[in-house]
Amino acid sequence: MELPHQEREEPVILIIGGGISGIGAAQRLYKHSLRNVKVLEATDRPGGRIWSTHFAHGVVEIGAHWIHGPSDGNPVFHMASQYGLLHETALSEENKNMEVGGHPAFAPISYSSSGSVVDAELVDAMGNLYSRLLDQSREFLHVVPAPATSVGQFMKKEIASHAEEWHDDVPTKQLKLALLSGFFKLECCISGTHSMDDVALGPFGEYKMLPGLDCTFPSGYQGLIQCMMTSLPKESVLLNKPVCTVHWQGSFKTPLTAERKFPVLVECEDGDKFPADHVIITVPLGFLKLKCDCFLDPPLPARKLHAIHKMGFGTNNKIFLEFETPFWKPDCYLIDFVWENESPLVDSELDLQNAWFKKLIGFLVLQPPEQLGHVLCGFIAGKESEFMETLTDAEIITSMTQVLQRFTGNPHLAPPIRMLRSKWHSQPYTKGSYSYVAVGCSGEDIDIIAEPLPEGNTDPKPLQLLFAGEATHKTFYSTTHGALQSGWREAERLIHLYAMSEPRHNKPKL
Ligand code: 6YU
């Protein structure tokens, strides 16, 4: 039986990328009866930077770890609680209302490079100073000109003037600076950057923190993606389908759609071609930076290309170590390393070969050990993190064992029995971890990247290309909730275009 004309002309929508933004967009379109939707995902699994895998006796997160700000305004939290994926303590009002300023909420045990434990009061005092300065860095959103170009520059200037007021002996002063140096490394992991000198000061306050004590998914973050996918037909998500070129502003037909012309044609690496009315591009900014000159035909407008190149996209990696027996106490949740001779006020030379591991901030003790085993998760950002990806497993295990022996002051500490690390910079379809607003950029650049094409609203074939993904969210960039909201935002644009409340939706409302 032949379909009525208007049904045949249901808009064809493609989504490039099966991360949370792409799957979220597909889910939203389906819910609003825009059902001619396909997700093309380059790799062999959905989820993108949400990626849980088996390690030791349980599951660990290669990518996203926490729900940042798990409270009612966070759509990932909302969805995860609806699907029943969170522990009941995460759902408590007390946890939802907690304000921790985006940082780990537990006190660390800090080891120094001479193998002793650093006085907890000193760690606390420097932690408080660092947090105050970081809060100040967020206060220059509407200040022109900002007092410095980068967060790093601003904070170092402030630290230098504080240090002048310290009346301690020289070793204590040095230790205080070494502690602050460690906090800078932590911030590099949080911001996904090599150095806080690369993060723009003015727009730093644009990133919004939600209340709530960061929580994890007891059975893995990827369970969220699996639940989201249950509302989509199986055949709507195509895996192993890397897209090489998106042709737009055209008039394309295929043997299957002989009498219908489409403005967009998506070409995959395996030669498959998919015509479409609309394409939501959710590929990571790292991929876009590398490929934007050839990924789109015709190329993107100059101002969009400029914004893509200027915005920051850095690397934050994890190193998981499993131990036969823990060398830490049962109440220890975080182990920090303090390199005693370091100072944020002195630029150290980059020595990747011999000193990459100095950028490691320390280790989280993953919970619960009864289920997972004795597992530590280290974080390392920047160029050192990218160098780490090039090393062999044996080289990493040796370096990690040496570092732990030195810092704990125990030369007999046994090496880990297993190791796993992420390699986000080497992932060909990601090329890093997440975005940040680099020096020279502002939230406006994020908006420019997010603008749909063709520009303006006079084109007879509107919204051919739409852009989603974490790097397109002005206030929640770098997070899963930012990514999800960006996917919803672009789905809503199309839903609005076809004004789905009307029975016939074959023609866009211009
Ligand atoms: C969060 C967290 N978290 C740790 C680490 C990483 C990230 N994030 P996706 O990449 O998922 O999907 C795109 C898909 O496109 C992908 O599957 C590709 O394969 C595919 N693709 C690419 N090219 C293609 C092609 N040509 N054809 C077809 N398909 C193609 N977020 O909320 N909590 O704890 C962490 C962390 C190691 C790597 C994180 C965290 C970031 C999120 O993982 C990420 O934003 C989203 O998953 C992205 O989803 P997506 O759909 O956009 O892309 C002031 C200020 C401070 C700012 N920062 C503060 C926040 C700190 C962020 N937190 C990070 C911390 C950790 C540990």
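Everything numeric here is computed off the predicted structure, so don't read it as measured data. Order of listing sets the numbers, starting from 1, for every ligand and every atom in it. Numbers here simply count residues along the sequence, with the first being 1. Hydrogens, waters and symmetry mates are skipped; everything else that's a heavy atom, side chains included, is used.
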Visitor: So which heavy atom in the protein is nearest atom 49 (O) of ligand 1, and how far is it from that ligand atom?
Guide: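 The answer is A483 CB, 3.4 Å.
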Visitor: What donor-acceptor contacts under 3.5 angstrom involve side-chain atoms of residues 204-211, with partners at least two apart or in another chain?
Guide:
none

Visitor: Given that the side chain starts at C-beta and the backbone is N, CA, C, O, which of these parts of L40 lies under 4.0 Å from ligand 1, counting heavy atoms, or is it both or neither?
Guide: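 The answer is the backbone of L40.
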Visitor: Do Y221 and I67 have side chains that approach each other closer than 4.5 Å (heavy atoms only, starting at C-beta)?
Guide: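 A side-chain contact under 4.5 Å exists here.
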Visitor: Backbone or side chain, does any N or O of T480 fall under 3.5 Å from an N or O of ligand 1?
Guide: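 There is such a contact, yes.
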Visitor: Evaluate whether atom NZ of K310 has more than 12 neighbouring non-hydrogen atoms of other residues, nucleotides or ligands under 6.0 angstrom away.
Guide: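 Yes, enclosed.
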Visitor: To which of Y429, Y434, F476 does the heavy atom nearest atom 65 (C) of ligand 1 belong?
Guide: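 It is Y434 whose heavy atom sits nearest to atom 65 (C) of ligand 1.
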Visitor: List ligand 1 atoms under 4.0 Å from Y477, heavy atoms only on the residue side.
Guide: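 In order of number, 55 (C), 57 (C).
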Visitor: Does any N or O atom in S478 lie less than 3.5 angstrom from one in ligand 1, N or O only?
Guide: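 S478 vs ligand 1: N/O contact under 3.5 Å present.
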Visitor: Which residue owns the protein heavy atom closest to atom 53 (O) of ligand 1, what's the atom, and how far is it?
Guide: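 I find the closest protein heavy atom is R49 NH2, 3.0 Å.
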Visitor: Do me a favour and list the nearest non-hydrogen protein atom to atom 33 (N) of ligand 1 with residue, atom name and distance?
Guide: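 Of the protein heavy atoms, W66 O, 2.8 Å lies nearest.
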Visitor: For ligand 1, is there an N or O atom under 3.5 Å from any N or O atom of S433?
Guide: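 Between S433 and ligand 1, no N or O pair is found under 3.5 Å apart.
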Visitor: Of the protein's non-hydrogen atoms, which lies at the shortest distance from atom 35 (C) of ligand 1, and what is that distance?
Guide: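 Looking at atom 35 (C) of ligand 1, the protein heavy atom closest to it is A64 CA, 3.4 Å.
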Visitor: May I ask you to identify, for E61, whether its side chain, its backbone, both or neither come under 4.0 Å of ligand 1 on a heavy-atom basis?
Guide: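 E61 to ligand 1: no contact under 4.0 Å from either part.
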Visitor: Once you restrict to heavy atoms under 4.0 Å, what part of I62 touches ligand 1? Side chain, backbone, both or neither.
Guide: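 Contact part for I62 vs ligand 1: backbone (N, CA, C, O).
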